[in-house]
Trainee: 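One structure, pasted below without further comment.
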Amino acid sequence: MATALEKWVEEQARLCKPDRIHWCDGSEEEARRLIKIGVKEEKVNGQAIFHKLNHKSWPNGYYHRSHPTDVARTEHLTFVCHPDKDAVGPNNNWMHPDEAKEKMRKLSNGCMKGRTMYVLPYTMGHPDSPYAKSCIQITDISYVAVSMRIMTRMSRKSIEKIGGSEDFVKGLHSIGDLDPNKRFIMHFPDEHLVWSIGSGYGGNALLGKKCFSLRIASWLGYREGWLAEHMVILGIEDPKGKVTHITAAMPSACGKTNLAMLESALPGYKVWTLGDDIAWLNVGSDGRLWAINPETGLFGVAPGTSMKTNPNMLRTLKADKFYPTLFTNTALDADNNEPWWEGLDEEAPKNLMDWQGKPWQSGQDSKAAHPNARFTASIYNSPTLSKEFDNPKGVPISAIILGGRRTQLIPLVTEAFNWQNGVFLGARTGSETTAAAIHKEGVLRRDPMAMLPFCGYNMGDYFRHWLNIGKRLTNPPRIYSVNWFRADENGRFIWPGFGENIRVLKWILERVNNKVEARKTSIGLIPRLKDLDLSGLNIPARQLDKLFEVNPEEWQEELRDIEKFLSQFSGRLPKEILQEYQALKEQLNNNGSLEDIEDSLRFTDRGGA
Ligand code: GTP
Ligand code: SPV
Ligand code: MN
């Protein structure tokens, strides 16, 4: 008798009408076959899916160009479909599940004609982890099948684990005809189902990533008492060899991958990578917060990645281990058959084709690589991979960073007064938009915990959930905000960033270990300059001051914007968040610019977790 899984696949096949069905096993041999098909046979709009790159310089490298309208996440076409609109909240696009299904059935009818339906069995999380989830994704393009093999643990074992059960995560994906008017990414949280059509791009098409591991998993976490977060996980080794684990949330294209693979500018310190995008966080029986990375791959922003900024990433991309590594929408050096992007090296190669395949000259207005050009590489290729990566229990977390991209106002680093204040710090975080999603770039928007596009339910409830998690932590991580992107009058970044960010991590370690005091301000605890290791750096004092400035006048607009954002959640917004907001406003309005606030009893001990 057919299992629930087989029945579900058959049902989707009847709707999508593919020419063939192929159940994948996740083996390397299969990946080689799929790539061969993608190079030689399978086409989209008359274009081959993969192009083999120069394997002498980029071992196992393959190049992919996507449809020019299909280069980033499309937040306006992404919906959460739950009968209760309020449960979904103002932070999501909403559609009734019946209406969404009706729409998707029409669009999907016959969408795989002439194509192969790939059935991908995979697990998010280590299969031995109590937090792992067994999943199935259907897709009709080899690019997605191969990408999913890099990004997840894909294996027939997942099918065995599901067995006859109906309890598995379902993803139905088709590139459709790539018409942006027929592109939708629909989430059905109660059914553990994601249904996506019309896009082959990462977050729209690799359904185990943002769609399941954040939007649906955040909903599961809310129900079950854990957190699914847009966070990197890393271990920081100090000169004595002690490793401390932290997580960091930053919005898309704001530095997570770079932080996760950081090559330390300070001797004796080393960063170990556990994840670069998603963390699932559970409260341990020891009262600490524990993190696992459900993924196994790195889907990273190419522009700006170089031996200077992120040498460990380049080593990963050039490693001759896990097969294959994909490059999407970068430029192509036609003479050497190599990928290229802005920032890879100083000079562009002579005979360069841009990301759409057109000849490109230095000095041209447009970029050669798409600003959201990406690579897809196995985390097992990373020279900084933590030995804890495959530990099913995960790692205990000592600090959480909640960052953003702010050219103004926000200091380099701030420590929250306690868990509740930290949740507010996350809730009020803003960030300037990037090319990772299709919208105007550089516009400031609130992006709480970097989850605005990924929280699958009402953010008012999400803040409450964070507060509740805090109550269960007897030994909670400290919470920090960071901002690598503060700019000077000429628009140049003041802080050198990348490997130099270790200086901020070092301060955080010293705070966590109660080695240094901090300066109390209205917005949080800020380093005393003498405690920040700036050895060998050459930042003028005036600029340095800017990095730690708290100017109440400049904060007025920020306060208004925070209030406007939070007021959307009225009714669902926890009173604690409102109290924190009120306290911040009062503090900023009652105190002079750079003065320490030592007299604030309300701030010193409000109970924390
Ligand atoms: P997603 O994969 O979209 O979630 O992005 P991410 O948060 O992993 O961002 P990533 O590390 O890929 O960095 C995005 C862009 O920011 C790249 O162009 C980087 O070069 C740049 N960047 C990263 N870290 C720093 C930094 O410390 N300083 C500066 N100035 N730029 C940085
Ligand atoms: C992001 O946009 O945050 C990414 C890339 O990490 S995507 O997989 O498209 O979401
Ligand atoms: Mn991301």
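Quantities reported herein were computed from a predicted structural model and do not represent experimental measurements. Whatever order the structure lists ligands and atoms in, that order sets their numbers, starting from 1.
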Trainee: When you measure from atom 10 (P) of ligand 1 to each heavy atom in Val482, Asn310, Leu262, Asn258, which option holds the nearest one?
Mentor: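 Considering heavy atoms of Val482, Asn310, Leu262, Asn258, the nearest to atom 10 (P) of ligand 1 sits in Asn258.
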Trainee: Quick check: does Met250 get an N/O under 3.5 Å from an N/O on ligand 1?
Mentor: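 No, there is no polar N/O contact under 3.5 Å.
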Trainee: Please confirm whether Phe299 comes within less than 3.5 Å of ligand 2 when only nitrogen or oxygen atoms on both sides are compared.
Mentor: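 No, Phe299 has no N/O under 3.5 Å of an N/O on ligand 2.
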Trainee: In terms of relative ring orientation, are Tyr462 and Trp466 parallel, tilted or perpendicular, with 30° and 60° separating the classes?
Mentor: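 The rings of Tyr462 and Trp466 stand perpendicular, inter-plane angle above 60°.
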Trainee: Below a 4.0 angstrom heavy-atom separation, can you tell me which part of Trp495, side chain or backbone, both or neither, approaches ligand 1?
Mentor: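 Looking at Trp495 and ligand 1, no heavy atom falls under 4.0 Å.
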Trainee: Looking at Lys546 and Asp488, is there a salt bridge between them, counting it only when a charged N and a carboxylate O are closer than 4.0 Å?
Mentor: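 Salt bridge: no.
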Trainee: So, 4.0 Å and heavy atoms of Asn501: is ligand 1 close enough to count as a contact?
Mentor: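 Judged by the 4.0 Å heavy-atom criterion, Asn501 does count as contacting ligand 1.
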Trainee: Considering only heavy atoms, does Ser252 approach ligand 1 within less than 4.0 Å through its side chain, its backbone, both, or neither?
Mentor: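 Both the backbone and the side chain of Ser252 come within reach of ligand 1.
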Trainee: Heavy-atom distances under 4.0 Å decide this one: backbone, side chain, both or neither, for Arg492 against ligand 1?
Mentor: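 It is neither part, as no heavy atom is under 4.0 Å.
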Trainee: Could you say whether the N/O atoms of Gly300 and ligand 1 ever approach to under 3.5 Å?
Mentor: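 Between Gly300 and ligand 1 (N or O atoms, distance only) the closest approach is not under 3.5 Å.
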Trainee: Considering non-hydrogen atoms of the protein only, which is the closest contact for atom 3 (O) of ligand 2, and what is the distance?
Mentor: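 So the nearest neighbour among protein heavy atoms is Ser252 OG, 2.5 Å.
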Trainee: Tell me: protein heavy atom nearest atom 6 (O) of ligand 2, and distance?
Mentor: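 Nearest protein contact, heavy atoms only, for atom 6 (O) of ligand 2 is Lys210 NZ, 2.6 Å.
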Trainee: With heavy-atom distances below 4.0 Å as the criterion, list the atoms of ligand 1 near Pro303.
Mentor: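 So the atoms of ligand 1 that pass are 17 (C), 18 (O).
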Trainee: Tell me which N, O or S atom of Asp277 sits nearest to the Mn ion (ligand 3).
Mentor: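 Atom name returned: OD1.
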Trainee: Relative to ligand 1, is Leu259 under 4.0 angstrom through side chain, backbone, both or neither, heavy atoms considered?
Mentor: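 Neither part.
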Trainee: Atoms of ligand 1 less than 4.0 Å from His230 heavy atoms?
Mentor: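 Every atom of ligand 1 under 4.0 Å from some heavy atom of His230: 4 (O).
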Trainee: Is there a polar contact between ligand 1 and Gly255, counting only N or O atoms under 3.5 Å apart?
Mentor: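 N/O-N/O distance under 3.5 Å: yes.
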Trainee: Over 60° means perpendicular and under 30° means parallel, so classify the ring planes of Phe327 and Trp58, tilted if in between.
Mentor: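 Ring orientation of Trp58 relative to Phe327: perpendicular.
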Trainee: Anything under 30° is parallel, anything over 60° is perpendicular, the rest tilted; go ahead and classify His64 against Tyr143.
Mentor: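 Ring orientation, 0 to 90° scale: parallel.
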Trainee: Under 4.0 Å from a heavy atom of His230: give me the atoms of ligand 2 that qualify, with their elements.
Mentor: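 Answer for ligand 2: 3 (O).
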Trainee: Would Arg374 count as a contact of ligand 2 if the rule is a heavy atom under 4.0 Å away?
Mentor: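 In this structure, Arg374 qualifies as a contact of ligand 2 - some heavy atom is under 4.0 Å.
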Trainee: What atoms of ligand 1 come closer than 4.0 angstrom to any heavy atom of Asp277?
Mentor: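 Reading through ligand 1 atom by atom, the close ones are 4 (O).
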Trainee: Report the relative orientation of the aromatic rings in His465 and Tyr457; use parallel for angles under 30°, tilted for 30 to 60°, perpendicular for over 60°.
Mentor: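 Rings of His465 and Tyr457: perpendicular, over 60°.
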Trainee: Using the six-membered ring wherever Trp is involved, compare the ring planes of Trp507 and Tyr480 and label them parallel, tilted or perpendicular (cut-offs 30° and 60°).
Mentor: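 Aromatic pair Trp507/Tyr480 classed perpendicular.
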Trainee: Any idea which part of Arg405 is under 4.0 Å from ligand 1, heavy-atom wise: side chain, backbone, both or neither?
Mentor: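 For Arg405, only side-chain atoms sit under 4.0 Å from ligand 1.
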Trainee: So which of Met261, Glu500, Lys256 gets nearest to atom 6 (P) of ligand 1, if we judge by its closest heavy atom?
Mentor: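 The residue whose heavy atom sits nearest atom 6 (P) of ligand 1 is Lys256.
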Trainee: I need the atoms of ligand 1 closer than 4.0 Å to a non-hydrogen atom of Phe299, numbered in the order shown.
Mentor: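 Near Phe299, the atoms of ligand 1 are 2 (O).
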Trainee: Is the shortest distance from a Lys or Arg side-chain nitrogen in Glu489 or Arg542 to a carboxylate oxygen in the other one below 4.0 Å?
Mentor: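 Salt bridge between Glu489 and Arg542, a charged N being under 4.0 Å from a carboxylate O: yes.
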Trainee: Does Arg374 reach ligand 1 with a nitrogen or oxygen that is under 3.5 Å from one of the ligand's nitrogen or oxygen atoms?
Mentor: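 Right, the criterion is met.
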Trainee: Only heavy atoms count here, so choose which of Cys254, Ala253, Gly304, Ala435 is nearest to atom 1 (P) of ligand 1.
Mentor: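 Going through Cys254, Ala253, Gly304, Ala435 one by one, Ala253 has the nearest heavy atom to atom 1 (P) of ligand 1.
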Trainee: Quick check on the Mn ion (ligand 3): does Lys210 put an N/O/S atom closer than 2.8 Å to it?
Mentor: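 Yes.
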Trainee: So that I can tick it off, tell me whether Glu75 and Lys210 are bridged by a salt bridge, with the cut-off set at under 4.0 angstrom between side-chain N and carboxylate O.
Mentor: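 Here Lys210 does not pair with Glu75 in a salt bridge, since their nearest N and O are not under 4.0 Å apart.
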Trainee: Counting both backbone and side chain atoms, is some N or O of Lys209 under 3.5 Å from an N or O of ligand 2?
Mentor: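 N/O-N/O distance under 3.5 Å: no.
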Trainee: Which word best sums up how the rings of Trp341 and Phe375 line up, parallel for under 30°, tilted for 30 to 60°, or perpendicular for over 60°?
Mentor: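 Rings of Trp341 and Phe375: tilted, as their planes differ by 30° to 60°.
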Trainee: Do we see a donor-acceptor contact under 3.5 Å between the side chains of Asn60 and Thr325?
Mentor: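 Side chains of Asn60 and Thr325: no pair found under 3.5 Å.
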Trainee: State the atoms of ligand 1, each with its element, that fall below the 4.0 Å cut-off from a heavy-atom position in Pro251.
Mentor: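 By the 4.0 Å cutoff, the relevant atoms are 7 (O).
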Trainee: Between Ala436 and ligand 1, is there a nitrogen or oxygen pair with a distance under 3.5 Å?
Mentor: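 Checking ligand 1 against Ala436, no N or O pair falls under 3.5 Å apart.
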Trainee: Measure Phe493 to ligand 1 on non-hydrogen atoms and call it side chain, backbone, both or neither using the 4.0 Å cut-off.
Mentor: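 Only the side chain of Phe493 comes within reach of ligand 1.
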Trainee: Are any of the N/O atoms in Lys256 less than 3.5 Å from those in ligand 2?
Mentor: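 Not met; the criterion fails.
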Trainee: Can you tell me the N, O or S atom of His230 that's nearest the Mn ion (ligand 3)?
Mentor: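 Of all N, O or S atoms belonging to His230, NE2 is the one nearest the Mn ion (ligand 3).
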